[in-house]
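Index from 1, following the sequence. Below, each value reflects all heavy atoms present in this structure, side chains not excepted, and no hydrogens, waters or symmetry copies.
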Amino acid sequence: PFNDSGSTPSFACVTMPWLGTNDWFALTRYGARGLMYANGVFTYHDIEVAVDPFFAPYQEFLIVGKGSTGNYYYFAPGVYDRPAFTSDTYANVGDDSSTPFTECWFETPEWWAEEGHQVRVQKVIVDYVGWNTGSSANNRIDVQVTSLRPWDTSGVSSSATKTLLDSPGSSFSTSGTTGRAEGLFGDQGFGGGFKVRLSNLRGVAIRAVSVLLAEEARRP
């Protein structure tokens, strides 16, 4: 732990050797947000409860203490390489419930065209694995495309959000079913680059995101 006042820890960081020798999780004191570095990737986590900076690795878990009540929680990033099932012992699809979170999302890194060309994403292809988690909520993937820095402006322009997958969990197996979802885009217009946001992710793991581009060497 690190101290900013010499007495009370305000920030703590522990390593997670079961994920990798250089992997770690950091948490601010009495906050509900954590930063994890695992497998060469940074991820941000909203823990939903304000916790103490006390947490320690145990087997494949982190034991996290909640200061106001004295409760303790498991954080198990290395146990399941899939969404949680309602039948799991150390996890659930929601916050101690069978209702999945709706805030799960991520964005791809920005991609910029060479030589100052303008590009427009016309199609997004998402390869995923879906599971029958036991939840009554459908497995889902929503997608939005943002054009970055269109010609003669420093702003951005985003497409409408489209639902590429919205299927009952019973359509998938408990061992994982590979699938592909596609959607047509273009209302975001041309830009010097783009990024893709995947949101409302439920019951799935994203394996690859591919796009079909239109490129304009001249200024549109």
Do the side chains of Phe106 and Val204 join up, straight or via other hydrophobic residues, at under 4.5 Å, putting them in one cluster? yes
Counterpart residues, ring pair (Phe, Tyr, Trp, His ring centres under 6.0 Å), relative to Tyr128 (two or more places apart): none
Between Gln144 and Ser159, what is the shortest heavy-atom contact and its length? NE2-O, 3.0 Å
Enter the distance from Glu216:CD to Gln118:CD here, rounded to the nearest 0.5 Å. 8.5 Å
Residue pairs fulfilling salt bridge (Lys or Arg N to Asp or Glu O under 4.0 Å) with at least one residue in residues 14-24, sequence neighbours excluded: none
Between Thr146 and Ser158, the two heavy atoms sitting closest are OG1-OG, 2.8 Å
Arg197, CZ: over 12 other non-hydrogen atoms inside 6.0 angstrom: yes
Ignoring hydrogens and geometry beyond distance, is a side-chain donor-acceptor pair present between Ser173 and Ser175 at under 3.5 Å? yes
Should the pair Arg82-Asp88 be classified as a salt bridge under the 4.0 Å nitrogen-to-oxygen rule? yes
Checking the side chain of Ser157 only, and the main-chain atoms of Gln188 only, is there a donor and an acceptor separated by less than 3.5 Å? yes
Can you tell whether the side chains of Asp127 and Arg180 come within less than 4.0 Å, N to carboxylate O? yes
For the side chain of Thr163 and the backbone of Leu165, is there at least one donor-acceptor N/O pair under 3.5 Å apart? no
Sequence neighbours left out, what pairs pass salt bridge (Lys or Arg N to Asp or Glu O under 4.0 Å) with at least one residue falling in residues 155-178? Arg140-Asp166
Who passes ring pair (Phe, Tyr, Trp, His ring centres under 6.0 Å) against Trp111, sequence neighbours left out? Phe194
Where do Ser135 and Val93 come nearest, in terms of heavy atoms and distance? CB-CG2, 4.2 Å
So how far is it from Asp142 CG to Arg202 CZ, rounded to the nearest 0.5 Å? 8.0 Å
Residues at least two apart in sequence or cross-chain that pass side chain to side chain donor-acceptor pair (under 3.5 Å) with Trp112, listed by chain then number, are Glu110
Sequence neighbours excluded, every pair satisfying ring-ring contact (aromatic ring centres under 6.0 Å, His included) that has a member inside residues 156-180: none
After noting the C-alpha distance and the side-chain angles of Val121 and Leu212, does the key distance pass the side-chain contact (heavy atoms from CB on, under 4.5 Å) rule? CA-CA 6 Å; Val121 174; Leu212 177 65; over 6 Å; no
Treat each ILVMFWY residue as a node, draw an edge where side-chain heavy atoms are under 4.5 Å apart, and state whether Phe185 and Ile206 are in one component. yes
CG of Asn139 to OG1 of Thr133: how many Å apart, nearest 0.5 Å? 6.0 Å
How far apart are the C-alpha atoms of Ser167 and Asn138, what are their side-chain angles, what is the distance that settles it, and do they pass the side chain to side chain donor-acceptor pair (under 3.5 Å) test? CA-CA 5 Å; Ser167 301; Asn138 285 0; over 6 Å; no
Within the 4.5 Å heavy-atom criterion, are Thr174 and Phe85 side-chain neighbours or not? yes
Are more than 12 heavy atoms from other residues, nucleotides or ligands located less than 6.0 Å from atom CG of Asp187? yes
Criterion ring pair (Phe, Tyr, Trp, His ring centres under 6.0 Å) against Tyr37, the qualifying member of Phe25, Tyr44, Phe42: Phe42
I need the minimum non-hydrogen distance between Val124 and Val209, along with the two atoms involved. CG1-CG1, 4.2 Å
Enter the distance from Asn200:CG to Thr161:OG1 here, rounded to the nearest 0.5 Å. 8.5 Å
Report whether Val156 and Trp105 are members of the same hydrophobic cluster (ILVMFWY, side-chain heavy atoms less than 4.5 Å apart, transitive linking). no
Given the rule that I, L, V, M, F, W and Y join up when any side-chain heavy atoms are under 4.5 Å apart, are Val196 and Leu148 in one cluster? no
Answer yes or no: is there a side-chain heavy-atom contact under 4.5 Å between Pro83 and Trp131? yes
With hydrophobic residues grouped by side-chain heavy-atom distances under 4.5 Å, do Val129 and Leu198 end up in a single group? no
Nearest 0.5 Å, what's the SG-CE distance between Cys13 and Met36? 12.0 Å
Between the main-chain N or O of Gly189 and the side-chain N or O of Ser147, is there a donor-acceptor pair closer than 3.5 Å? yes
